[in-house]
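Worksheet: the structure to be examined is printed underneath.
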Amino acid sequence: MTLNEILGTMPNGTMLAVSDDEVAKHLREQYLDNDAEKMRREAARMRIDLYHDRGEVQINAMVDSIFKNERVREMRKQFVELASFQNLTRRIVREISTVYSEPAIRRVRSSPMNVAYRRLQRGMRLDRRLRLANQMINLCNDVVCWFDMVHGKPTLRVVTPDNFWAVAHPNDPTVLAALIFDRTPAAGAIVTEDTPCYLVVTDTERFCMTKLGHILPSTREPIGLSRMPMVLVHRVEPTVSLLTPDPGKDIINAHMAIALINTMMLKHQKSGTKQAVASGDLADMPIGQPMDEEHLLQAPEGVALSTLDLGADPDSYIKAGRSVIKQIAANYGIPESVFDLSYQATSGFEIELKRTGLREVRRDQIMDWRPVEQDLAEIMSESLAEHRHELAFNTLGWSIDFGEVETPQEPHSRLVYWEKLRQMGLMNTEQMYLALNPEAEEEDAEEAIANNAVVEARRVSLYRTLNISPSTPADGSDSMEDGDEDEDSTP
């Protein structure tokens, strides 16, 4: 169905005729020019700026809203940039975005296509792109994963909600009808009445709109696929509307609180702990005298000097900051000791116990990302087949195994653990090799193991030829300890 047909569908199934002008008007009023949508996009842009250390504008605005005296505002704004040394938003988002901390293993049933599929993943840097998507969805709540062909090269675009609108079905606000992407030319570019500034994509067609929100009929074309080549991914399943900007506000509020605490702490430390105060007849008091241990302060008769203690204990700010961190970390299953790196563990198991909450968060996210991965695999397969690309593959027998984050272990303990797993039939030597060499492919592991076996066979054969046990130490000494004597030896 075209977007005209979708928007013309009544609750009883009756379909009304809707013109392009009516579609354009609906998109302008409900999305492009809608005040609530503008606020949603601005909130998403603010989160992304904070994540990427571009939050000075927001923090300065906070200072303006909290302090009323203009002089006080300006004095604190001098420390805003320095006070941004602690990026709470990025730390929390990265802690909870661990679905792709280790590469996922994706397979299809056919061996030749499986090779093409692995080449496709490697060329697209698929795990890295999806790791970005995992971080952005935990930051912004919604992202679009868009499989596209750029100059014949497959790529995965990760579009954040400040750059798109989700058009809902007229009879169900949680059903996606279309996506609108902002493609406004960069500042300084010439924009005419016919310049495409917005791209609208549905399951069957795509077309562009002008800056004023008018449809360009000449740009309307079929998708050529059974669905739109992208997936709208949600952190929280939509129940009222497609895009939910509210979850995650606690992270942003905590970030701003920490920024304010750090700004005030730096300002008060710069002011010093003592302030000289002059009282009395100040008419003849010289102005602008340097006040340090190398210069004598000159004060006329009748002027008394004293000191005023303006110092603020930095511990009070540090405690306030730690309180904020402790509470926001607990919201996301992050122990404070893990968050501030103050814990001390004697084993990997202790570390695992500390991170149990984060493990549960990761399992929940994997459950959300598994169907997304399958949708992307189907989109890639269909799109590559449509373009007759050399890396086209079939999704028959498709499966995914999300990489597990290993518990830190002492090397010898890890080898013993792997050996036990192999004896139980739960692991093999090839998997061990891949664990030690994450960048290798299965074929590389098979070849390396075979080569190692050949080398070991040569070594054993050589020692047998020389009538020496392969287990004899290299220095030729036997296994007896120094001072041991053979019982049959003659004194």
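- When all heavy atoms of Y31 and A166 are compared, the pair lying nearest together is CE2-O, 3.2 Å.
- Residue-environment remark: CD (E443) exceeds the threshold of 12 foreign heavy atoms within 6.0 Å.
- At a cut-off of 3.5 Å, with distance as the only test, a side-chain donor of D182 or T184 sits close to an acceptor on the other residue.
- Here the shortest heavy-atom pairing between A377 and T395 reads O-CG2, 3.5 Å.
- Counting heavy atoms from C-beta outward, V231 and R227 have side chains that approach closer than 4.5 Å.
- By the neighbour-count criterion of 12 heavy atoms within 6.0 Å, atom CE of M1 is densely surrounded, having more than that number from other residues, nucleotides or ligands.
- Minimum heavy-atom separation, N87 to Y51: ND2-O, 3.3 Å.
- Side-chain contact check for T210 versus C197: every heavy-atom pair is 4.5 Å or farther apart.
- The closest side-chain donor-acceptor pair between D162 and T160 falls under 3.5 angstrom.
- To the nearest 0.5 angstrom, N4 atom CG is 10.5 Å from M15 atom CE.
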Worked check of side chain to side chain contact (heavy atoms under 4.5 Å, CB included) between L50 and I251 | CA-CA 10 Å; L50 289 177; I251 299 178; over 6 Å; no
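- Taking 4.5 Å as the limit, every side-chain heavy atom of P161 sits out of range of all side-chain heavy atoms of N141.
- Side-chain contact between V167 and Q30: absent, with no pair of heavy atoms (C-beta onward) separated by less than 4.5 Å.
- Both the sub-6.0 Å distance and the 45° axial angle are satisfied by R220 relative to the ring of F207.
- In this structure, the separation between CD on E205 and CD on E5 is 8.5 Å, given to the nearest 0.5 Å.
- Under the 3.5 Å distance criterion, with hydrogens and angles disregarded, a donor-acceptor pair is assigned to the side chains of D172 and T174.
- Counting only heavy atoms from C-beta outward, the side chains of R28 and H214 approach each other to under 4.5 Å.
- In the displayed structure, R128 atom CZ is contacted under 6.0 Å by at most 12 heavy atoms of other residues, nucleotides or ligands.
- Side-chain contact of D250 with Y332: a donor-acceptor pair under 3.5 Å is present, judged by distance alone.
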Please test Q135 against L139 for side chain to side chain contact (heavy atoms under 4.5 Å, CB included), starting from the C-alpha separation and ending with a verdict.
-> CA-CA 6 Å; Q135 293 170 351; L139 175 67; over 6 Å; no
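- One distance of note links CE of M46 with CD of E42; it measures 9.0 Å at 0.5 Å rounding.
- The distance from atom CG of L126 to atom CE of M380, rounded to the nearest 0.5 Å, is 4.5 Å.
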Determine, stepwise, if the pair R41 / W165 fulfils side chain to side chain contact (heavy atoms under 4.5 Å, CB included).
-> CA-CA 9 Å; R41 296 181 68 211; W165 296 261; 3.1 Å; yes
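- A36 approaches N34 most closely through the heavy-atom pair N-OD1, 2.9 Å.
- Atom NZ in K25 sits 12.5 Å away from atom CG in D33 (nearest 0.5 Å).
- Between P185 and A189, the shortest heavy-atom distance links the atoms CB-CB, 3.7 Å.
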Chi angles and distances behind the side chain to side chain contact (heavy atoms under 4.5 Å, CB included) call for Q58, M256 = CA-CA 8 Å; Q58 290 85 355; M256 301 299 285; 4.0 Å; yes
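- In this structure, T89 and I252 have side chains that are in contact, with non-hydrogen atoms separated by less than 4.5 Å.
- Of all heavy-atom pairs between M228 and I379, the closest is O-CD1, 3.8 Å.
- Looking at heavy atoms from C-beta onward, P229 lies in side-chain contact with I223 at the 4.5 angstrom threshold.
- The distance from the CZ atom of R157 to the CZ atom of F147 is 11.5 Å, given to the nearest 0.5 Å.
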I would like to know whether D64 and K77 meet salt bridge (charged side-chain N to carboxylate O under 4.0 Å, His left out); could you show each step before the answer?
-> CA-CA 9 Å; D64 285 337; K77 285 182 180 180; 2.8 Å; yes
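- Donor-acceptor pairing under 3.5 Å is recorded for the side chains of Q327 and S323.
- Between Y100 and W369, the angle of the ring planes goes over 60°, which puts this pair in the perpendicular group of the 30/60° scheme.
- The residues E373 and R370 are annotated as not salt-bridged, no charged nitrogen and carboxylate oxygen being separated by less than 4.0 angstrom.
- Counting heavy atoms from C-beta on, the side chains of Q365 and N138 come closer than 4.5 Å.
- Around NZ of K38, the count of heavy atoms belonging to other residues, nucleotides or ligands within 6.0 Å exceeds 12.
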Could you walk me through whether E37 and R40 pass the salt bridge (charged side-chain N to carboxylate O under 4.0 Å, His left out) test, one step at a time?
-> CA-CA 5 Å; E37 284 292 297; R40 174 192 64 78; 3.0 Å; yes
